[in-house]
Each structure stands twice: as structure tokens, then as C-alpha cells.
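This report refers to the structure that appears directly beneath it.
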Amino acid sequence: MLQIESRPFALEHGLFACIQCGKCTGGCPMALKTKLSPRTVIYRLLVAGNGFDLEGREELWDCTTCSTCYSRCPKQVNPMEMIIALRGAFVEKGRVHPNVKAAFESTFRHGNPLTMPREERRAWAKDLSVKPFETGVEYLYYVGCTPAYDPRGQQVARALVRVLQAAEVNFGILGEHENCCASEVRRLGEVGLFEMLVEENTGLFHELNVGQMFTTSPHCFNVFKNDYPKSGMQVQHYTQVLAGLVERGALKFTGKLEKTVTYHDPCYLGKHNGIFDEPRAVLKSIPGLKLIEMDRSREKSLCCEGGGGRMWLEGTNPNVRLAQLRVQEALATGAEILATACPFCLLTLDEAVKHVQAEEKIRVMDIAELAAAAL
Amino acid sequence: MTRPAALVIGGGIAGIQAALDIADAGFKVYLVERSPSLGGRMSQLDKTFPTLDCSACILTPKMVDAGRHPDIELFTYAEVTGVSGEAGRFQAQIKKKPRYVDVEKCRGCGLCAEACRLSGRIASDFNAGMGKRAAIYVPFPQAVPLVYTVDPEACVYLTRGVCGKTFKCQEACPSDAIDFTQKDEMVEVEVGAIVVATGFDVFDARRKPKFGYGVYPEVITTLEFERLASASGPTLGKIALNGRRPQKVVFIQCVGSRDKSIGVPYCSRVCCMAVAKQAHLAHDRLPGAQITVFYMDVRAFGKGSEEFYDRVRQEGILYRRGNPSEIIRRGEHVVVRAEDTLLGEPVEVEADLVVLAVGLQPRPGAEALAGMLHLKRDDDGFFQESHPKLRTMESGVPGVFLAGCCQSPKDIPDTVAQAKAAASAAMILLAGSRREHLEIEDLRVPAL
Amino acid sequence: MTFTPRIGVYICHCGINIAANVDVKAVAKFAARLPGVAVARDYTYMCSDPGQALIKTDVAELNLNRVVVASCSPRMHEPTFRAAVAEAGLNPYCFEMANIREQCAWVHPGGEAATLKAMNLVAAAVAKATHLQPLETRQVPVTPAALVIGGGMAGMQAALDIAEAGFQVTLVERAANLGGHAAHWHRTFPTLESVAALVKQLVDRVRAHSRIQVLTEAEVLEVSGYVGNFHARVRHPAGVADIPAGAVVVATGFEPFDARRKPEFGYGAYPEVITTPDFERLVASGSVRVNGHAPKQVVFIQCVGSRDQSLGQPYCSRICCMVTAKQAHLVREHLPDAQVTVFYMDVRAFGKGFEEFYDRVREAGVVYRRGNPAEIIRRGERVVVRAEDTLLSEPVEVEADLVVLAVGMVPRADTPALAGLLKLARSADGFFMEAHPKLRPVETAMAGVFLAGCCQGPKDISETIAQARAAASAAMIPLMRGRVTVEAATAFIDEELCAGCGQCAAVCSFAALALHPVRGVMTVNPVLCQGCGACATACPSGAINVKHFSFPQVMAQIGALVDEAVA
């Protein structure tokens with residue numbers, strides 16, 4: 001039994017506005033492979049009177065928080081936030097998957113969910129002459145846990161640094177002082193830990209007088225921009241910075257990259273924040289690069305299942321992986337490169353390419369890597 | 001020669017609006033209303049959707065205007081008994097029923113009703129059978145004209161020939177207005193056009209016995225709910241049954257509409273919004289009450305209606321899709337049994353107040369009126385328009401026009417528009433009279 | 001000779017609307033003690049006949065010369081009470097209202113504070129009443145002609161009615177042909193008649209009518225004047241015409257929602273995805289073909305661009321459920337082998353014959369599935385509609401070779417410009433706003449300007465025709481009467497103080513102020529002036545006052561409020 005008071009919950013989350021049209025479930029990527037139905041969850045909460053039992057509702061952990069539901073709801077109900085709040089009820093009772101528990105503890109202790117030591121957070125940049133951020137530096141480059149620690153992710157951070165240096169961008173990093181942004185912590189329902197990290201991070205940014213920052217990951221970008229308290233600090237994703245540099249002529253490519261590329265819109269860049277054009281602008285500016293669109297592009301992009309804490313959760317139907325479907329869609333375009341701009345998408349799609357044994361046919365690369373290759 | 005006058009049959013908002021338009025244009029109007037006062041169904045409503053305007057507040061200025069208009073001759077408590085002639089020259093016989101009160105002398109003070117031997121004993125028609133009045137009454141406080149009327153079916157003297165030693169009403173009246181010698185009075189008028197605006201009745205919920213209407217006191221109709229919610233109603237606006245405020249309210253849509261099983265296949269158009277409004281009123285007046293609406297489709301199509309439906313849900317009113325099958329008693333409460341078609345499961349919802357959204361029907365007198373005016377009626381008994389798209393306000397009989405729910409169910413804005421449309425059609429006909437009588441030249445603006 | 005006010009004050013209970021929260025008897029007692037007050041009463045419904053009779057009797061018997069009623073908003077009953085006062089023999093402008101309902105009882109919780117506020121409001125009204133002056137209303141003649149803007153069904157019907165009643169009508173249409181949107185439709189619902197035939201009926205009658213002057217490819221550039229005496233400048237192919245009119249009917253119609261605003265449906269990207277207007281043209285052409293062949297799987301999607309807060313389109317477009325039902329029926333007629341599915345949220349088949357038509361469409365084999373599709377994706381030669389079937393509680397994918405999006409109605413893009421031309425207000429949904437949503441569906445806040453058809457909000461042909469005739473009726477009233485009464489509370493200028501600077505004229509929306517060529521001071525045209533007061537505020541010399549809202553009158557109100565608040 002895991003009871004919640006459904007009536008105040010429903011009122012608090014605006015669930016009564018729902019007219020049960022089913023648009024959320026109809027567009028939910030997880031509905032393609034699990035029994036997750038945001039509409040049904042809402043309705044059962046509404047009709048439950050004042051006692052709703054969450055017991056057995058494991059599909060609530062399948063949600064990738066891609067926000068397709070919220071972005072399309074005609075009555076502006078937010079099923080995604082409802083699911084996050086329901087996860088919170090599980091978390092409060094300690095009912096979380098061991099992976100997730102480990103990730104929380106690691107974040108709490110070491111400032112990252114990957115159980116890596118804090119001291120090694122700067123190791124990826126050791127030979128790159130990247131300066132530490134201090135007051136007066138124009139941009140804070142917020143690297144993020146996965147690009148800082150994961151070997152594949154580190155390749156992206158390194159490529160991005162080379163591009164920024166070529167364009168003479170004045171930026172610095174936090175190094176070992178960088179703490180997890182806590183985006184996934186929040187999506188997994190651990191409100192307390194999230195608030196703690198928000199406080200620490202905002203304190204640090206304030207102390208350092210950070211005016212502008214950009215991130216590698218759309219997840220970090222989204223949480224700093226939309227979930228952290230408003231502070232006047234300007235937050236961008238790195239593709240926005242690069243697009244600006246390209247437009248101003250500050251970033252010039254002397255090489256070329258004669259490849260057919262198709263671009264996978266990360267949910268946290270596209271669906272959450274409407275950023276579809278800047279990544280494409282950067283790609284199109286690379287000489288020789290031919291951009292071809294998949295049918296499922298922009299608002300219809302197929303979620304890779306990396307968000308919402310899913311990097312730590314297999315979910316209720318691990319036999320079907322949307323990332324593999326996505327790779328098939330990319331292959332169908334004839335593209336040689338599947339480009340993306342998110343470390344989670346990068347890792348899941350990369351793994352999917354291996355699973356479908358298509359390494360000879362297509363490579364998954366981050367936009368930063370493609371830009372660096374054409375410098 | 002065209003008579004420059006019109007006859008409007010029915011003094012609800014449709015009749016009032018049509019009469020006002022025609023009279024404002026300068027033609028004489030005879031406005032005939034069968035009940036003692038103008039106002040019709042709209043005067044029975046508490047608030048209107050979607051604006052939540054107080055119905056009486058927006059209606060009474062028009063009632064007063066109609067009552068006071070120099071070109072409108074008002075016949076209340078009167079009926080049209082015969083019509084002959086043709087477009088441009090109709091002769092109509094109007095029977096003025098005896099009120100047994102002299103309208104010139106009555107001040108509307110109400111002392112007669114207080115004194116009446118049957119005060120508080122007669123079921124009030126205006127209050128949908130709830131609440132009690134005397135045998136001498138005005139239907140509601142803002143009545144136009146505000147003149148008392150003796151109910152010939154209730155009055156002890158009129159039914160049994162004697163009322164004690166003295167007429168209590170006559171004794172109490174300071175203006176000597178009671179007059180039991182009154183009789184039917186026939187008046188004949190000549191008009192060029194007729195507007196029929198006789199309104200509607202509601203579905204008799206006893207025809208759906210599985211809902212227990214008339215058996216369970218907890219089960220009422222939307223019209224009765226409206227009277228309970230009204231400041232001028234039997235409980236002065238408190239929503240209470242037998243003194244108790246309900247805490248679990250269930251509304252059931254489509255009772256006597258969209259129902260082939262009882263021969264009413266059509267949609268009554270206004271009930272979805274009426275229920276949304278009433279659910280809102282219930283939420284407003286019964287703090288903490290749980291309110292559920294069982295529906296099939298929510299027809300919130302008018303201007304501002306979808307937005308009102310959004311608001312009502314945000315207040316915590318639960319809309320459940322399913323058309324309940326039956327209501328049964330369970331101890332102190334009743335239970336509504338339905339299938340919730342979105343859950344795909346049968347459900348039972350306990351209630352201490354169930355409101356049935358009864359459909360709109362033609363009035364029982366429609367058949368007779370149709371006979372009198374040679375009007376056609378459609379399959380559902382409403383007056384038939386001459387063309388469903390281009391001429392909904394025309395009856396097919398030249399010179400006779402239709403306005404309001406007597407032609408088909410509709411809400412207040414659509415009623416007002418149709419009434420004005422009927423007025424326009426009537427005015428065109430009557431304008432011919434001016435040209436005949438006064439030979440006015442068509443004033444032309446120089447063409448290009 | 002000094003004027004001694006003898007003021008009658010009437011506090012209305014308004015049933016329980018005021019009396020529930022305000023102690024009306026206490027307010028009446030309070031009012032009785034105010035300077036100038038000869039009598040103060042409270043009564044349940046002042047607007048009713050006996051309420052008004054109270055006023056009339058007191059005026060006669062107590063020699064009252066000013067009347068104050070504390071009740072609802074003046075917008076509700078000021079005309080009612082002014083008329084009652086006039087019947088009693090007083091000038092209607094010797095009457096003042098205190099709004100203790102909308103501005104007191106209805107917005108504050110009941111109790112002492114609400115009662116005190118009501119007393120303050122009454123004191124202010126009484127103070128102003130002592131300064132009120134009788135004003136003369138004037139009547140001006142009415143041009144026996146009308147201007148109708150828009151030549152669709154609404155405009156044509158309104159023009160016909162007004163012309164049939166004996167008045168000249170100028171009908172201005174922007175396009176080359178009359179008929180509006182309806183001219184492009186194939187069949188009506190629910191009777192499946194030819195729309196072209198209905199449109200032709202109206203067009204033929206309009207063209208043949210000797211009193212209707214039709215200007216096509218024409219545009220209204222400017223409208224000046226006031227009810228009874230409008231002047232429009234209309235541009236047409238041969239030049240610019242000056243059209244005088246006593247009344248104006250606005251019937252400018254709507255636009256269909258641009259389905260590209262819902263990119264997840266792929267309109268404009270997938271040739272298989274079209275809109276209901278597109279389909280209407282397709283079926284009217286006689287041949288329903290997509291990608292060169294007859295479709296076998298047709299899917300309709302309701303509520304595209306309606307009932308959708310995510311796009312800022314929260315309202316229902318009213319007709320699309322029936323348009324879809326009709327088109328689904330036409331598909332079954334033209335393509336008997338095609339499977340037709342309609343995805344809906346609620347089926348709004350509310351009009352006469354609509355529910356029965358919906359029954360008939362389902363019986364013809366059209367499958368209605370409840371669910372609002374989320375997206376359309378390509379799969380080979382076809383597209384796939386992804387939705388949740390909420391009655392099955394299962395996500396579904398329906399393959400289609402033709403998808404028809406039931407797009408809603410939106411206000412025309414030129415609505416703001418037209419609104420500016422005629423000083424029309426717009427509702428939250430962007431359509432023109434009627435004067436009152438229940439009881440005045442065709443009037444606007446501008447006297448003499450009326451609305452007809454979809455420019456006021458989505459509606460079908462029968463509702464459009466009814467509303468057009470309603471607008472005609474409203475327009476005909478001043479035309480038939482031949483005269484209108486003009487606003488008496490207009491601005492007046494103290495020529496001693498006026499410097500002729502013209503700041504007032506600069507802010508006047510009604511072109512009512514002009515510089516006198518000889519006296520060098522500003523003059524007000526009392527017929528054009530609407531008494532809005534903008535000039536009085538703009539005048540740097542304080543030379544302008546608005547009658548019935550003069551400086552002494554308003555200061556008296558303020559003084560009473562301040563004094564009472566202190567006390």
C-alpha cells in the first residue's frame with residue numbers, strides 16, 4: 001500500500017482541467033512500449049476520491065519526462081509534473097530502485113551521480129589550457145557530470161573546448177567546484193536533495209557573479225534556465241552560443257566535412273525549450289555537410305529514453321528500446337552520421353547502434369564534435 | 001391594406017424582444033402572455049451561463065420596457081383563442097381571463113396573499129412545484145405587471161362557492177381591488193403580422209422511472225434546482241432539501257434527450273451548459289461538497305462556453321463520462337449506477353442530491369396553436385421552420401413568424417437573435433403599410 | 001435665486017443580492033440624515049413597477065427635485081430610473097445612481113465594512129446630486145440608408161432585410177464576388193443541400209434589388225459620424241465614394257485556422273493531410289483523389305486549433321463537429337469502399353436535426369473514436385495517426401491515405417484594423433464583442449453599429465442568417481423612426497479660459513472638437529461628442545467640463561467620500 005491523498009493532489013496539480021482527450025497518451029513515447037498512460041493515471045486520481053494507491057504502478061518510472069504530453073495538452077495540464085510528484089511519494093517512502101538510490105547517494109556525497117571522485121572532475125581538460133571561471137570572465141562553461149566523467153562524454157567536452165578556443169570565446173570552468181545540476185534528481189522525485197543542490201549551486205554562481213553560462217547538456221540547460229530561481233544569470237545551451245558565433249562570423253570553418261548527416265532533436269532542447277533551429281544552423285554552416293531530416297523531427301522527435309532518470313532505470317519493458325527504433329529511422333534516411341546535442345542521447349543512441357550492429361553504416365556524433373572536425 | 005400592427009404570442013424573452021423591436025420601429029404591438037406576468041422561463045433562472053449574470057437582473061429591464069412601452073399593449077393572463085385572415089390583415093381573438101383583481105387599483109402590496117386562508121398551502125407553479133403560495137398571488141416579486149391574480153383552481157370561493165363569512169383578501173386590500181364579478185373578456189385585434197414565441201416545457205422525468213424521480217426526494221430536475229438556487233425561490237437561494245445541505249451532488253445529463261428509447265432522439269442543446277452553471281453554483285453555495293457530472297458529450301459550443309467549462313472543472317467538479325443506468329436507494333443516500341466509459345468499469349456513486357438535466361419539449365398547447373394558425377410541426381412537435389438554413393424564423397404561413405424555443409431548443413443569445421430576426425421579417429411586412437398609408441418615397445442616395 | 005435641493009434617496013435590496021451583505025435599512029437611515037435629503041427609503045426591488053412607483057409618488061407628493069437610487073450598476077438600470085424620473089416630471093439628468101451592488105455587496109464579504117462602504121457611496125451620490133443640472137436631450141434626423149460591410153451570407157441577408165423594409169443599402173465587399181466563405185462550400189449540414197444554391201439565392205436577390213448598391217473589390221477606408229448620421233469613405237475600382245448611412249452592419253466574417261500552427265500534424269509537409277475547407281473544395285470538384293488515387297482509409301481529426309490552450313485558442317469553433325460529420329458522410333457517398341474514422345473529444349451535434357444526422361453518419365459506417373490524436377508520422381506510402389483511444393484505454397495507430405483536419409474559425413487578420421475603423425471592442429477570443437453576451441448579441445458599444453455573422457463568433461449558416469436578420473432589425477429601428485436621441489452629457493468649453501491650443505482635439509476620438517476660425521477658441525459639436533471626457537483631462541487650462549461630470553460635481557463626490565472616510 002502506498003496511499004496518497006488524491007483530492008488535494010489533483011487540485012494542486014490542476015488535474016481537474018483534464019477533459020480526458022487522450023492526446024498525452026497518444027503521443028507518449030513510452031506508450032509505444034509500456035502500459036504508461038498519463039491520461040489513465042490522471043483519471044484514476046480524479047475518481048479515486050481521497051485515497052489513491054500507488055502500489056504496483058511501476059510504469060510511473062518509465063516516464064522519460066520528455067514533456068510531449070505537456071507540450072500538446074489542449075487544457076495545459078502537465079502530466080509529466082504529476083508523474084514526477086507521484087515519484088516523490090515513492091521516494092519519500094524510500095521505495096526506489098537500488099540504481100537510483102546509489103545515484104542519489106553519490107550525488108549527495110560526490111556531487112555527481114556516477115560515483116566518481118570529486119577531485120577528478122577536471123581530469124577531462126587536463127591538457128587543454130582551460131582557465132578556471134572567476135568574476136570577470138564572460139562565460140561560465142558548465143560542463144556537466146556525464147561530459148566530465150564519462151569517456152564518450154569527455155570527447156564532446158574536449159571537442160567543444162577546441163571550437164570555443166578557435167572562436168576566441170572568453171570562458172572558464174568550475175573544475176572540482178562544479179556540482180551536479182540535479183536535473184535528474186528532480187525528475188526522479190527527490191525534492192529534498194534537489195533543493196539542497198539548488199541552494200549550493202545558486203550560492204556558488206552568486207558568489208562568483210556569473211553573468212552568462214552555457215552547458216553541454218540540454219538537461220543542465222533546462223534546469224538552470226527553468227527550474228532554478230530567477231537570478232538574472234543568462235543560461236544558454238552551447239548550440240545557441242555556436243549559432244551566434246557562426247552568425248557573427250566569429251566561428252569560421254577552414255576544413256570541411258563531406259558527410260550526410262541527420263539530426264536527432266533532444267527532447268530537452270526541442271520539446272522542452274523550442275530550440276530546433278540553432279543546432280541546425282550550426283550544422284548547415286559546416287562546409288560540405290549535407291543535412292537530411294528524419295520524418296520524426298523537431299516536435300515529433302522520438303525520445304531516446306535517456307531522460308527522466310532513465311539512465312539509471314531499465315524500465316518495465318527493456319526488450320524494446322526506442323533508441324534502436326531511432327537508429328533505424330536514421331539509417332532509413334541514408335545518413336552516415338546521426339548528430340545530436342545531448343550527452344544522454346549520444347550515449348543511448350551510440351549503444352543502440354552497437355546493438356543493431358550498424359557501426360559500419362552510421363556513427364553517432366555530437367554537434368560539437370562535428371564542428372571541431374571542420375575547424 | 002396592411003395593418004401596421006403585430007401580434008406577439010408569448011411573453012418570455014423571445015416574445016418580449018420581438019415586441020420591443022417592432023414597437024421601437026414605430027408599430028403597434030399586442031403582446032399576449034398566458035401567465036399572470038411577462039418573463040417566461042428566463043425569470044425562473046437564477047444565473048445565466050456563461051457570464052453568471054443574474055437572470056432576473058438582465059431580464060427585468062426588458063420586461064419593464066415592454067410593460068411601459070407606449071406602442072406595446074400588454075395582455076397578460078390572456079390567451080389567443082382564434083386567428084383568421086392572411087398576411088397583412090389578420091384578425092385575432094384574445095381572451096382575457098379574469099384575475100378577479102382590478103388591475104387599475106392593485107398596487108402589488110401583497111396584503112391579500114398574506115391574509116388569504118390558503119396562504120402557504122398552494123404549490124407554486126413558478127417554483128416548479130416546490131414552495132407554497134396563497135390562492136391569490138404574483139408569480140415572482142419582479143412581475144410585470146405587478147398585479148395579483150386569483151388562482152381559480154385553488155381559490156376556495158371560486159371552487160366551492162364560499163370562503164367563510166368574508167373574503168379575507170378583500171378585507172385586507174387597502175385599494176378595494178378584489179372583484180369576484182370579473183368574467184372572461186374577449187378582445188379582437190387586427191394585425192399585419194404574428195410572431196409565435198410560446199416557449200417550451202421540460203421533459204417529465206417520471207418517464208424514466210429507473211431514476212426514481214418522484215419517488216426519491218433526493219432526485220430533482222434542473223428546473224427545480226434552478227428554483228432552489230434562486231433568491232426568489234422557495235429556499236431563498238439556499239440549496240437545501242428538507243433543510244439539509246447536500247454534500248454529494250450528482251448531475252446526470254441527457255435525461256429525455258438523445259434518447260430513441262422514449263422517442264426523444266434530438267439534443268436539447270442547452271443542458272450541458274445549464275448543468276455546468278448549476279455545478280458551479282452548487283460548488284459556490286455548498287462548500288466542501290463533492291460534485292460529479294455524468295455526461296456523454298459535453299456540448300459547450302457557444303461564445304465563452306468552453307472557457308466556462310474549463311473554469312468549472314478547475315473548481316474541482318468531476319466530469320465522468322457515462323450515461324447512468326439507474327438510481328437505487330442505499331440507506332440514507334441514493335446510489336447512481338453507471339459505467340465510467342473512460343475507466344471501462346461500472347461504478348456506483350453515492351449521492352444526497354441528484355439533478356436530472358431534463359430535455360426541452362414543445363408545450364402541450366403547441367398542437368392547438370398550430371391548428372389555429374395552420375402551422376406545421378416537426379417530428380419532435382416543435383413548430384416547423386420553412387427552411388432549416390435560410391428561414392428558421394419563418395413558419396411557412398405568410399405573415400406568421402417563429403421566435404425562440406417553440407421552434408427548437410436554444411439558449412438566451414440565440415433566442416434573442418431569432419426573436420429580432422422574426423421582428424425584422426415582421427417589420428418588413430408592416431413597413432408595406434407605411435408605404436400604402438403615407439406614400440413615402442423611397443429616399444435614394446445618389447448612385448455612383 | 002438659490003436652489004434648494006430636495007433629494008429622494010432609495011436604497012434597493014435587490015432581493016438578497018445587496019441585502020445579504022449590506023444592511024440596507026441602516027444605509028437608508030444614514031441617508032435620511034444627509035444634507036439636502038428630503039426622504040430616504042429602502043425597498044426590495046427598485047427596478048420593479050412598484051419600486052418606480054415609489055419614486056414617482058414621492059416626487060409628486062414631497063416635491064422632490066433630485067433623485068438618488070442606490071442599487072446595481074448604472075449600466076443595468078440607469079435608463080430605467082431616468083425614464084421613471086422623467087415620467088414623474090423631472091429632467092432625467094436630475095437623477096444619480098450609487099452602485100452598491102457590483103461595487104459593494106457583490107465584491108465584499110457581508111458585514112459592517114460593506115455597509116459603511118455603501119453609506120459612503122450613497123453620500124457621494126447625494127453630494128453630486130445637489131450639483132446636478134437638468135440637461136436637454138436632442139433629436140437628430142436619421143439618414144434613411146444603411147451601410148453593410150461584408151458580402152457573405154450575413155451581409156447579404158442583412159442588406160436584403162433593410163432594403164425590403166424600404167431603405168437604401170450600400171453593400172461593400174472586399175473580394176470580386178459576393179458569397180464569402182460559403183461560396184466555396186459544397187453541402188450543408190444536416191440536410192446535405194447544395195450550398196451554392198443557397199448562396200445563389202441570396203446573391204441573385206441582392207443583385208436584383210433596386211435599393212441595394214453593391215460595391216465589390218471595395219474597402220471601407222474611414223467611418224465618421226454617429227448613429228443616424230454616419231459617413232463612410234469607400235474605395236472601389238473606379239475611385240473613392242462618400243456613403244452616408246443611418247446605421248452600419250459589420251459582417252466581415254472569419255478565417256480558417258492555419259493548420260501549420262500544429263506542426264505535429266504535418267499539414268503542408270504531407271500531401272495526405274488536408275483541412276476541412278480543402279476537403280470541401282475537393283469534394284465539390286467531383287473527384288476525391290489523393291496522390292492520384294481514391295483514398296481507402298480516411299481519418300478526420302476534430303478540434304484542430306480549437307479548445308486548445310497550448311495555442312492560445314481556448315474556444316470552441318462550434319461548427320466543426322457537424323462539418324466533419326457531413327464530410328464523413330460525403331466520403332461514404334463518394335468512396336463506398338473507403339473506411340472512415342473520426343477522432344473526437346466531444347461530439348457537439350446540438351442543433352435541430354444534428355443529433356439525428358450524427359446517428360445517420362454512424363449508421364452509414366463511419367467509426368467515431370474518442371481521442372485527440374497526438375501526431376501524424378509517415379510510414380511508407382501512407383501516414384499514421386497516433387492517438388489514444390480513450391474508450392479502449394489503449395494507444396492506437398491508424399494508417400491513412402487521407403487525413404482531414406477539422407480546423408476552427410479564427411478572427412480575420414484585419415480585425416484589429418476594422419476594429420479601429422469603427423471603434424469596436426473585441427472579446428477575449430479576438431472576435432468582435434457584442435454589447436451584452438446574453439441580451440444584446442448584435443449591438444456594439446457604438447450606437448448604430450451592429451454585428452452579424454462569424455465576425456462576432458463562430459456560427460453556422462442558420463445562426464448567421466438569424467443574426468443577420470437580427471442586426472437588420474436593430475438597424476431598422478432608427479431608420480424607421482427617422483430620428484434618434486443624442487447623448488446629452490457632452491463636453492462644454494468655458495471660452496474665457498480656452499486658449500485655443502488644440503490639445504483637446506488631438507485626443508478626441510470622435511472628431512468633435514474644432515478651432516473656431518473667428519473667436520480663436522475651441523468649440524464642441526454636441527452631436528458628435530460622446531461625453532467620454534478625454535478632452536477635459538487633456539485641457540491644460542481646465543477650460544473643458546463634461547456636463548453631468550463637471551468639476552464641481554465630481555469634487556463634491558470626492559469630498560463626500562473623504563469626509564465620510566475620516567468620520
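In what follows, chains carry the letters A, B, and so on, assigned in the order in which the sequence lines appear, proteins first and then strands, with residues in each chain numbered from 1.
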Within 6.0 Å of [atom1] in [X], more than 12 heavy atoms from elsewhere:
X: A/K230; atom1: NZ; value: yes
X: B/R329; atom1: CZ; value: yes
X: A/Y70; atom1: OH; value: no
X: B/E326; atom1: CD; value: yes

Report task. Find the one option among A/R39, A/Q20, A/R7, A/K75 whose heavy-atom pairs under 4.5 Å with chain B are most numerous. Result ->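 Option with the top pair count is A/K75.
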Requested in this report: Any salt bridge (Lys or Arg N to Asp or Glu O under 4.0 Å) involving residues 271-282 of chain B? Give me the pairs, sequence neighbours left out, ordered by first then second residue.
Outcome: B/E226-B/K277
Requested in this report: To the nearest 0.5 angstrom, please state how far the CZ atom of A/F16 sits from the CZ atom of B/R313.
Outcome: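 Taking CZ in A/F16 and CZ in B/R313, the distance rounds to 11.0 Å.
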Query raised in the report: Looking at CG of A/L46 and CG of B/L343, how far apart are the two atoms once the value is rounded to the nearest 0.5 Å?
Result: 10.0 Å
Query raised in the report: Who among B/D310, B/V312, B/V298, B/T292 has the most heavy-atom pairs with chain A under 4.5 Å?
Result: B/D310
Query raised in the report: Checking heavy atoms, do the side chain of A/L11, its backbone, both or neither come under 4.5 Å from chain B?
Result: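 A/L11 touches chain B through side-chain heavy atoms alone.
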Query - Side chain, backbone, both or neither of B/E307 within contact of chain A (heavy atoms, under 4.5 Å) - result: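 For B/E307, neither part sits under 4.5 Å from chain A.
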